Structure formats: structure tokens, C-alpha cells
Amino acid sequence: MNHLDQLEAQSIYILREAYNRIKPLSMLWSLGKDSNVMIWLARKAFYGRVPFPVILLDTGNELDEVYEFRDRYVKEWDLNYINAECPPYEETDPDLTYNARSAARKTLGLKRVIEEHDFRGIFLGIRRDEQAVRSKERVFSPRGESGEWDYKDQPPEFWEQYKTEFPPGTHVRIHPLLAWTEVDIWRYIQRENIPVVPLYFARNGMRYRSLGEKDITRPIESNASTIEEIIEELQTTRTPERAGRTMDHDSEDAFERLRAAGYM
Amino acid sequence: MQDSSSSLDMLRETFKIVVVGHVDHGKSTLIGRLLYDTDSLPTGKFEELKAICDRRGMALEWSFVLDAFQAERDQAVTIDTTQIWFKTPKRDVVIIDAPGHREFLKNMVSGAASADAALLVVDAEEGVREQTRRHGYLLHLLGVKQVAVVINKMDLVDHSEARYGEIVRDVTAYLHSIGVEPSFIVPISAREGDNIAKKSTSSPWYKGPTLLEALDRFHSVTVPSEQALRLPVQDVYHFDQRRIIAGRVEAGVIRPGDEILFSPSNKTARVKSLDVWDAPPLLEAHAGQSIGLTLEEQLFVERGEVISHVEDPPVLSTVFRARLFWLGHKPLEVGKRYTLKLATKTATVTVVGLETLIDTDTLAHRPGTKLERNMIGEVVLRAREVLAFDEHVELDKMGRFVLLEDYDVVGGGLISMEGYPDQRQSLTVKSTNVYSVEHTITRENRVVRNGHKGGVLWFTGLSGAGKSTLAMEVEKHLFQKGLQVYVLDGDNVRAGLNANLGFSPEERTENIRRVGEVAALFADAGFICITAFISPYQADRDRARSAASRIDSEAFHEIHVSADLNTCERRDPKGLYKKARAGEILDFTGVSAPYEAPASAELVVDTDAKDLASCVEQVVDYIDRTFRVD
Ligand SMILES: Nc1nc2c(ncn2[C@@H]2O[C@H](COP(=O)(O)OP(=O)(O)O)[C@@H](O)[C@H]2O)c(=O)[nH]1
Ligand SMILES: [Mg+2]
């Protein structure tokens, strides 16, 4: 088994553990490269099906290409799709910065959709290498009743015995891609021929490295217009993946606070 | 960094290392330095770090690279495992910073258990300390097989060869005694960068590799394909007409055509295919692969069973010994019960012995009555049901487990069978009475001992619908899982209890009445009692329900074993339909007497639509949901 085979096998194991132990379940589908890989892995794990709903936290502010992609693949992959509309900007904490309030819309949207459907488990395609705070995550990460993350008292997680028992009123976030890196994701997309939103490929010297809402995400300078070129670019770049996500950079601990409050 | 072409890079391996050692001996600093020296810091990170340190009026602190959390910076201790990537000439290294504080053991455990190798950091000035030994011991327990010792802060001891030699003696003496042979012992200064990426001019006496070189010289960890096949069943899928057994191969190799054994149920079957989505089936699957397989024959198997080859099965036992590290806030004590998770199996175990407590500092064994948080000890555990596993020394992945109390993991252990026989040959093990009960034994006492409630599963349905077959299969299954179960059917009831009854309508009603009463007594005694009678009249079944309800309002479960009359007649296992049609049997249900199907059965099992294995699964699932209490 090569490195990608190992990652794939481990993620499938995680998906199957969650599916066996936790009900009801759902998966966040941001439509970005990572969550497309996650859906692909679910189809491998469950023989062509995604046997739980997939959710887009919709701010109404996603890029046009993202919505086009959604409409096409909901059909093609036969997804049980939930469009979770995020509450408007005005309902977020006014003490936060503009960027943080935009992000908080998703946190609130997620909280509501969990409450509405009483989900006990949510799959998220986050990775440890994306951001220092995410590197602290567990594969099965329990959340309190309001979705907050107690990063100072996380359960032990070893020998792949995951936390699948938890008290009523709480839920668990499951991270099947935690051990993957950005390059792993692209190599896997290349190997498996997984479709992605075309915005990742450079046009006129710019491309998106990470997709977020229109108003708080910027493309980066790049000439990488194929997967091969993206992989090559990633071998040499030293710009962090989320550099184009403005919400991370308001203060020293901006992203940490977002996550403690329940952000993805 | 060497060649960056993706095809070559594809072959690079990812190597996971963990960094442990006594608090303040320089773990975080070392990692920050490694990242800087391998040019792995994101653009701007170094400047950001310098700015933060300047703002706080302090010297450059490499450890801030890792200690991403505000909280950690303020307290200046690492509170959790953090994973960071960097590249050596040969490898992509994932590095886990593990904390040194005692109370943070659970986080160290979380990082270290998945590592391919460990760096044990020792302060050159302070030398080997309590946590140095403790972490060394835990690495061994957790299964980390390669360790390099890093003697840090050599700048504080003038890069003294003598001091280096002293610490080498101390640390190797300890590691030897627990069976660990350090791969390298490297003198460094994390702060100054000595012997990390390049050889230090301050320690010309040191002839060994730099730390980066050492990292590249660790062995790659091999997946155990040469070992005996072990494939714990993770789930069984019926998304389409196939019945796919899903799981990950933990050891060995499996191929289509293999004769396999399920443990502990001891069923055998032949592998038909190794199915994959959207691609041709596999010709073989090796350790590490997540797969799905179908069998030549329909078999009811459940999550938790272990697939092996027939000739090389796992150990079966209800009792075993374990070396255990304890993370729980409440101590472990003899007589307490915990939930055990071993591979995909979950079971209830009782602590029947606490043999010794182990002091990781002195390695002394001493007796004790409690295993407190952060302690290590040897225990004997007993399960109500037979478990399938391997000794840890034989097959590590199948010989380790975690224990849960309430919702939390409270300990991890390695299994040894020293002094206990494999029970594969003698599966009928009587469990000893480990609970003290009051003189008056209550229903709760029985529930606690059994791990499930008592109750009646009243099967009703036409002759030939499959009541007895299903009842016997379900009984066998529940018995193996350690449940108290008994089947009442025509044979064992008519032989004695109802020997005086014939087949007139009145006598039939009396027959069912007595069965209802006896079933209720069984339920009261804590048993799951399955009855397999046609019981065609709703009124008779209602009477049986009220008998059981005197004991517990939810004790009675009416289960309609349903099949079309045509099907039953076609099956006609005892030739009764034929006789009834010929007029040789009078008042035969379905032919010459009515069958009142239950209006509101708790469960309907359709033996027409599903094979026996699926029907058994349906009933066992139902019982698991409604009767289990742990
Ligand atoms: N003089 C000197 N100090 C060091 C060296 N490495 C670490 N330190 C200091 O030792 C202290 C503890 O280091 P840290 O990395 O936080 O230790 P940890 O608790 O093991 O992670 C910090 O003040 C470091 O600056 C070294 O090589 N030389
Ligand atoms: Mg530290």
C-alpha cells in the first residue's frame, strides 16, 4: 500500500465506524476540494451510496461556480441534499469583526441544522495541516450542547478506539480527513479523477486555493491551471493555504476563538 | 528538499514521530527549531513569532511556533498534542509535540500511540527525571518500537563529553530494564541549533548522526502481512441484494476462496468475493486495507466477530490478564465493571483481580487495592461472554483494548494469557459469582448480573412460518453472547407440563395459558424466554401478555413470524398441510381454522422476503435494543 492507499483505508475505516455507531448522521459539503474527497470516500466505503444527508451551509454568498457545481453533482451522485440557510449577518454577535461575523453565520447555521434534525454526528472535511488550531483536533471530537469545543479537555484518542459514546444533548464532529495534507488531497483527486469546482485552476494569473464566501475569500496569484501544476506549486509554496481567508487574520487568536465557539 | 516532481515525491513516505520528555527539557523548542532548520515554516511565521516575543519583551522562543493557542502561550506549557509537518531529504515527517506535565498523560497517549518512532528529550543539565522514565515506559506500553534519545541544552554544560556520557549511562540503564534499545543518542542544543540539521563544531567528540540524519535512519514501519489473518467485522451492509461484511484487515492476507472462521461464534464459511465500489473485485487484501467481502453461504454474523483462517484462529477466553494504564478520575478497583472495546468488539468486563501496581520510576511492583489516575498496573478481567483476541506479544493490534466508564475512555491495556488456558476447546465456562446480593434477590439484582432485562418474546405465526427454526437460531446466538435465554416450544412443553392436554379448542387454550404463565416466570427469573407456538387467537396472546405484565409492563413482546400461507404450505416441513388438506387433521390453522394475525405486534419478521440470516439479525438487533442495559 502506498501513502494514498493508507490514507484512503484509514478514512474509510473512520466513515464506517461512525456509520455503525452514531445515528443520525450527516456530512457537511462545503463543495470545496476536501469535502468532495470526503464524499468520494463515503461512496467507496458504502458501495456507491452516501447513506446519510449532505449539508451545504448556505450563506447565499457562495461563488456562482460553487452553486453550479452543487446542482450538477447532487443529481449525478444521487445525494440526499439539505440546503441549510445561514441566518443573516444581523443575527451574529455585533462585537465581532466583519470577517468573524461572516464566519459566525456558518456557525449559527450549523447549530440550527443540527438542532432541527437532531443529528448526533456530523462529518467535516477539516485537516490538521490547514491551520495550527485544527491540528489540535481529534478524529471524533465531542461537542457540548451549544456546539462549543473544549480544546483544553479533549478525550483521549488512541489505538483507533474512537469516542462513539456520549451523553444526550451532545453531538460529535467526525473528521475523516484529519491526517491528510493539501498535497495528499490533490494527488488523490488526480488519481481518482474526482471533479472539483473549476475556480481552483488559474485564470489570468489567479486561482482560489481555498473556497469561501465571496466577500471574505480572495484568489491567490498563481499560474497553476492543471492538477499537476497545482501539486508542483504546493511542493514549493510557503504561503499558508488559508491565506486568502481573511477571517483568520484579524488577531493572533482569531481562528482559535472561532473554533472554540463551534466554527468548523 | 530534493526533487519536487510529483511522481518522485509520490514515493516519499510519511513518518510519524512523537516528542516526549520531562517538562521544560525542550521538546517544543526542538520542534520549532526543526521546522526552521528544514525551511518548513510558512512565510511570515518566523517574523510573526519574533514580533510576538518582542511585544512581550522576551527572547526568541522557538516553542511558540507550536504553542498556537493563546492559553498555552500565557501558561507557557503545551496542553495538547499538535501535529506539524516537515521534510527531511528522505521523508515527510509528521511530528507530534507531546506535553510533559503529569496530568496531561491522556494527551501524550493520544499522540504517542500512533507514532512510528519517538524522540525522548533529556535536559543535559537536569539529566534523567521522573517523566523521562515514565514517558519511556509508556512509549513501550503504547507500542512505539523505535526511540532516539536527544540530550538537549548541551550549551548549558559547555558541550561536555563527560556529561553526555553520564546521561547516556543513566538513560540506557533504565531503557534496557524495560526492554527498549535506543536507536540513537544525539547531543544537541535546540536553542542554538547544534547537531540538528548540521554537525556542531562545539562537540567534535560526537561521531554519530545529526538529528535529521537520525530521523532518516529509522526503519520504515512494516504492515504485518506475514502474520495470521485477523479481520474484525466492522459492519454488515445490505445496500443491495448483496450482503457485504465490512472491516479492515488488521493482520495477514485474505483471498476469495479462503475457508474462514468467525470467532467467537465458531462459524465457518468460504469467501466468495472481495467487493469494491466501481472497480473489479480484489484478488487479495492485505493488512491495512479497508475491505468488504461476500460469502458463499448466507451466514448471520455481527460486528465484533473476528475473521481468521480456520487453521490459525485467535484465542477464545472469558478471562485474561492485562497491563493497564489508567486515565480515569475515579480509580479502578476490584469488582468494578467497565465497557471494553477491543478492535470492533464491545463487551462488559469485571475486574476480578488487581495483581500489582507498577512504579514507573523504580519499576518496583507493589500490591494495592486501587489503580489511580496516571498509574500502571496488572489486572485480571473477566467478561460475561467469550471474547476473541490475541496475546499482545503475538499480534499487537488484536491484543490491546481500551476501557470505558460511563462515556469516557479511562484506560488502555495489553493482553497476556499467562496462567490462563485458551478456552477454544472447552467453551462451556461457568462464570463465578462476583456480585454480592442481598438475601432477597430483586429483579434489579438479576438485571445487573445478567446485563439485560428478562422478558418474553412471543413468536406467533402459521405452521411452517419458521418460528422454531428462528427461535433456535436466536437462542444459540444470544447464548453465545452471554445472555440468559430459553426456548419454550411444543416439544419441551407437551412432554411434561402439558402432557395431560389434548388438541380440543379448550385444551389448546389451556396449553397456551400455561405456556404464558411459565414464560412469565422465566422472565421474572431474568431470562429472555422465547416461545414458539402458532397461538392463532389474539385473546390467548393477550392473556399471555397480561401474565408477563404482572412482572413488568414492558416484559412482553409479540413477534409476528410471518409468511404467506402458500409459502408455508410449500415448505410443509412436517407434512401437516398435506394431511390437513386430506382431512386427516381437523381444525388446522390456516386450512380449516382461522389465524388471527396480530394487530399490533412489537416486531414483524417476514420470512418470505428475507433469508434466515437476515431474520435472525432482525430479532437479535431488536433484543439488543430492548433488553440490554449496559
Ligand atoms: N539554553 C538552552 N535552553 C533551551 C534549549 N532548549 C530549550 N530551552 C529552554 O528551555 C525552556 C523549556 O523549553 P520547552 O521547549 O518549552 O520545553 P518543553 O516543556 O519540553 O516543551 C524554554 O525556556 C527554552 O527556551 C537549549 O538547547 N538551550
Ligand atoms: Mg512544550
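Every value quoted in this text rests on a predicted model; they were computed, and no experiment measured them. When reading the values below, keep in mind they use all heavy atoms of this one structure, side chains included, and skip hydrogens, waters and symmetry mates.
Using a 4.5 Å cut-off between heavy atoms, B/Ala343 contacts chain A through its backbone alone, with no side-chain atom that close. Looking at B/Leu142, both its backbone and its side chain come within 4.5 Å of chain A, counting heavy atoms on both sides. Both the backbone and the side chain of A/Arg16 have a heavy atom closer than 4.5 Å to some heavy atom of chain B. Using a 4.5 Å cut-off between heavy atoms, A/Pro51 contacts chain B through its side chain alone, with no backbone atom that close. If you measure heavy-atom distances from B/Ile244 to chain A, the contacts under 4.5 Å come from the side chain alone.
Scanning residues 18-26 of chain A against chain B with a 4.5 Å non-hydrogen threshold yields A/Tyr19, A/Asn20, A/Arg21, sorted by number.
Considering only residues two or more places apart in sequence or on other chains, A/Tyr208 meets the ring pair (Phe, Tyr, Trp, His ring centres under 6.0 Å) condition with none of them. Scored by the ring pair (Phe, Tyr, Trp, His ring centres under 6.0 Å) test, A/Tyr73 finds A/Phe69, A/Trp77 as partners (sequence neighbours excluded). The salt bridge (charged side-chain N to carboxylate O under 4.0 Å, His left out) check on B/Glu617 picks up B/Arg243, with sequence neighbours excluded.
Counting heavy atoms from C-beta outward, B/Asp240 and A/Arg49 have side chains that approach closer than 4.5 Å.
Distance alone, capped at 3.5 Å, is enough to place a donor-acceptor pair between the B/Lys341 side chain and the A/Tyr162 backbone. Put simply, the side chain of A/Lys163 gets close to the backbone of B/Tyr407: a donor and an acceptor are under 3.5 Å apart. Using modelled atom types, one side-chain atom of A/Tyr47 and one backbone atom of B/Asp275 make a donor-acceptor pair closer than 3.5 Å.
Salt bridge status for A/Glu17 with B/Arg303: present, with a side-chain N to carboxylate O gap under 4.0 Å.
Minimum heavy-atom separation, B/Ser290 to A/Ala9: OG-O, 2.8 Å.
Below 30°, between 30° and 60°, or above 60°: for A/Phe158 and B/Phe325 the angle between ring planes is between 30° and 60°, a tilted geometry.
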